[in-house]
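Within every chain, numbering begins at 1; the chains are lettered A, B, ... in the order of the sequence lines, protein sequences first and strands thereafter. Both backbone and side-chain heavy atoms feed into the values below; hydrogens, waters and symmetry mates do not.
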Number of protein chains: 2
Amino acid sequence: MNSQAGINLDISSDSIVDRVYEQLKAMAISYEFKPGERLNEGELAKRLGVSRTPLREALNRLNTEGFLRFTPGKGFFCRELDAHEIFDLYELRKSLEIASVRLAIKRAKDEDIDALLAFLQATGPDPGERSSVELVELDETFHERLMAMSGNAEMLRVLRNVNARIRFVRWIDMDRINRSNTQAEHRAVVEGLKARDEETCVTVLEKHIDRRLDRITSAIKEGYAQIYMPAARG
Amino acid sequence: MNSQAGINLDISSDSIVDRVYEQLKAMAISYEFKPGERLNEGELAKRLGVSRTPLREALNRLNTEGFLRFTPGKGFFCRELDAHEIFDLYELRKSLEIASVRLAIKRAKDEDIDALLAFLQATGPDPGERSSVELVELDETFHERLMAMSGNAEMLRVLRNVNARIRFVRWIDMDRINRSNTQAEHRAVVEGLKARDEETCVTVLEKHIDRRLDRITSAIKEGYAQIYMPAARG
DNA sequence: GCATTCAATACTGAATACAAGACTGAACGC
DNA sequence: GCGTTCAGTCTTGTATTCAGTATTGAATGC
């Protein structure tokens with residue numbers, strides 16, 4: 001049985017494909033491409049300073065991961081900002097997290113739980129002003145570490161994919177979230193985990209995610225506004 | 001709100017990449033490649049009668065979907081028959097199915113439920129002898145249709161990926177499954193769904209999947225045997 | 001004035017060619 | 001005899017090229 005801490009899906013490499021992949025993913029996540037826009041391979045390749053071959057490999061990866069859409073004979077398209085899809089992804093995330101915390105209650109090592117508490121402690125006070133992007137990153141890290149304690153690498157893999165795909169919406173969403181509330185809920189989940197109290201964990205987590213789910217519709221509307229204001233990104 | 005029946009992730013095309021992708025996936029699923037084996041791109045390309053370019057696109061897809069492993073500078077490798085990974089996938093599947101049936105109870109249309117019952121009726125009697133492969137296919141179809149009734153396309157997408165990755169193990173597993181038992185359990189879930197009885201659905205489904213989970217370890221051992229007996233596949 | 005068709009252009013799909021890096025085997029030194 | 005190093009070969013990584021197809025725009029006919 002491998003340790004929870006041993007789960008690591010990182011693949012670090014510096015090949016051109018990987019670099020292009022990361023660049024494109026960042027672009028796709030931040031909707032630097034307009035929803036529905038077709039991506040011109042030649043132009044993109046020139047812009048990124050690579051040939052079409054590695055570019056297409058990267059585009060294909062992003063397609064299978066759901067960041068882009070591909071139509072044979074037509075090419076790659078930026079995905080639409082589909083409210084239903086975002087909703088589905090949130091629902092998927094909720095299901096995964098609740099299932100994983102149930103597993104974590106049985107499997108998590110006390111030292112890992114304490115480490116997560118320490119992480120919350122360290123990142124909690126919110127010194128000065130954190131950007132929305134940073135807050136989402138911290139939030140994702142917390143939830144991924146929580147899931148890692150389930151010991152299930154496949155669930156973690158899916159969660160990471162989901163998180164990346166809903167990240168843009170969350171950037172907007174995070175602006176209006178009560179940060180200290182979030183912090184308290186996170187702590188409550190981990191405390192519940194430490195006490196091996198399944199009901200508390202599941203209940204808090206469920207509400208915690210549901211609260212965000214409620215705001216999605218309006219967040220998406222704001223999303224559209226932000227997408228069409230390139231000034232915000234420079 | 002789009003209909004449950006409207007969910008369709010099929011992308012049918014006849015491009016070389018798609019064809020090669022399907023061929024490779026079939027090969028990967030059936031472990032025609034030996035676990036851990038490195039795939040020689042040039043040789044594979046020649047064997048499949050295509051150039052390396054579309055082959056690599058297909059290989060990349062399979063890598064992101066977890067059917068193959070890729071190491072930069074080294075190439076593509078057949079995934080190991082990892083008991084822990086299979087276990088994780090089963091656990092993921094169980095989590096997804098239980099979550100989705102809860103959603104289906106709220107959302108499924110009676111006509112869709114009846115259609116699924118009809119499907120069970122039609123495929124139930126098991127005329128003559130069905131092969132293990134066919135049984136798995138029927139089983140997957142049932143579970144995917146059940147999940148489609150949750151209305152969540154993303155969960156369905158993940159389930160399909162999971163199913164494909166554990167298919168090989170299930171072929172072996174299915175041999176020793178009590179078919180009429182399975183049939184009865186499937187029916188019980190759908191009946192529970194029709195009655196909007198969450199507890200019944202979840203309980204039956206949980207046991208249904210757990211029962212398979214129990215056999216995985218031994219199934220994997222047999223799997224190794226079958227992998228190294230190419231005669232069985234011709 | 002509008003629709004339809006044809007041609008030109010541009011883009012994707014795939015193959016080939018070339019470069020860079022990894023592995024293998026032998027030979028040399030310790 | 002064993003280890004290390006170097007060279008040759010093989011494989012992957014990327015670019016370029018060519019072919020096929022879709023789209024767009026203009027011109028002609030109704």
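- Ranked by how close their nearest DNA chain D nucleotide is to the 5' end, K74(B) and G73(A) are led by K74(B).
- As rounded to whole Å, 15 Å separates atom P of dT16(C) from atom CD of E41(B).
- Computed from coordinates, the Y21(A) OH to dG13(D) P distance equals 17 Å when rounded to whole Å.
- Heavy atoms of other residues, nucleotides or ligands lying less than 6.0 angstrom from CD of E65(A) number more than 12.
- One interatomic measurement links the two molecules: CD of E43(B) to P of dC10(D), which rounds to 13 Å at whole-angstrom precision.
- Out of dT12(C), dT14(D), dA22(C), the shortest distance to the side chain of V17(A) is found at dT14(D).
- At whole-Å resolution of the value, CG in N40(B) and P in dT24(C) are 13 Å apart.
- In this structure, F76(A) atom CZ and dA22(D) atom P are separated by 17 Å, rounded to whole Å.
- In this structure, H186(B) and H143(B) have perpendicular ring planes: the angle between them is above 60°, well past the 30° mark.
- At distances below 3.5 Å, at least one donor-acceptor pair connects side-chain atoms of N60(A) with backbone N or O atoms of R56(A).
- With sequence neighbours excluded, no residue forms a side-chain hydrogen bond (donor to acceptor under 3.5 Å, both in side chains) with Q23(B).
- As rounded to whole Å, 13 Å separates atom P of dA22(D) from atom CZ of F70(A).
- Spacing between atom CG of L44(A) and atom C1' of dT12(C) amounts to 14 Å, rounded to whole angstrom units.
- Between L96(B) and L92(A), some side-chain heavy-atom pair lies under the 4.5 Å cut-off.
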Applying salt bridge (charged side-chain N to carboxylate O under 4.0 Å, His left out), run through R69(A) and E80(A) and close with a yes or a no. CA-CA 9 Å; R69(A) 303 267 175 244; E80(A) 304 281 344; over 6 Å; no
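- Within a heavy-atom distance below 4.0 Å of DNA chain D, the residues of residues 45-61 of chain B found are R52(B), R56(B).
- Distance F77(B) CZ to dT12(D) C1': 11 Å, rounded to the nearest Å.
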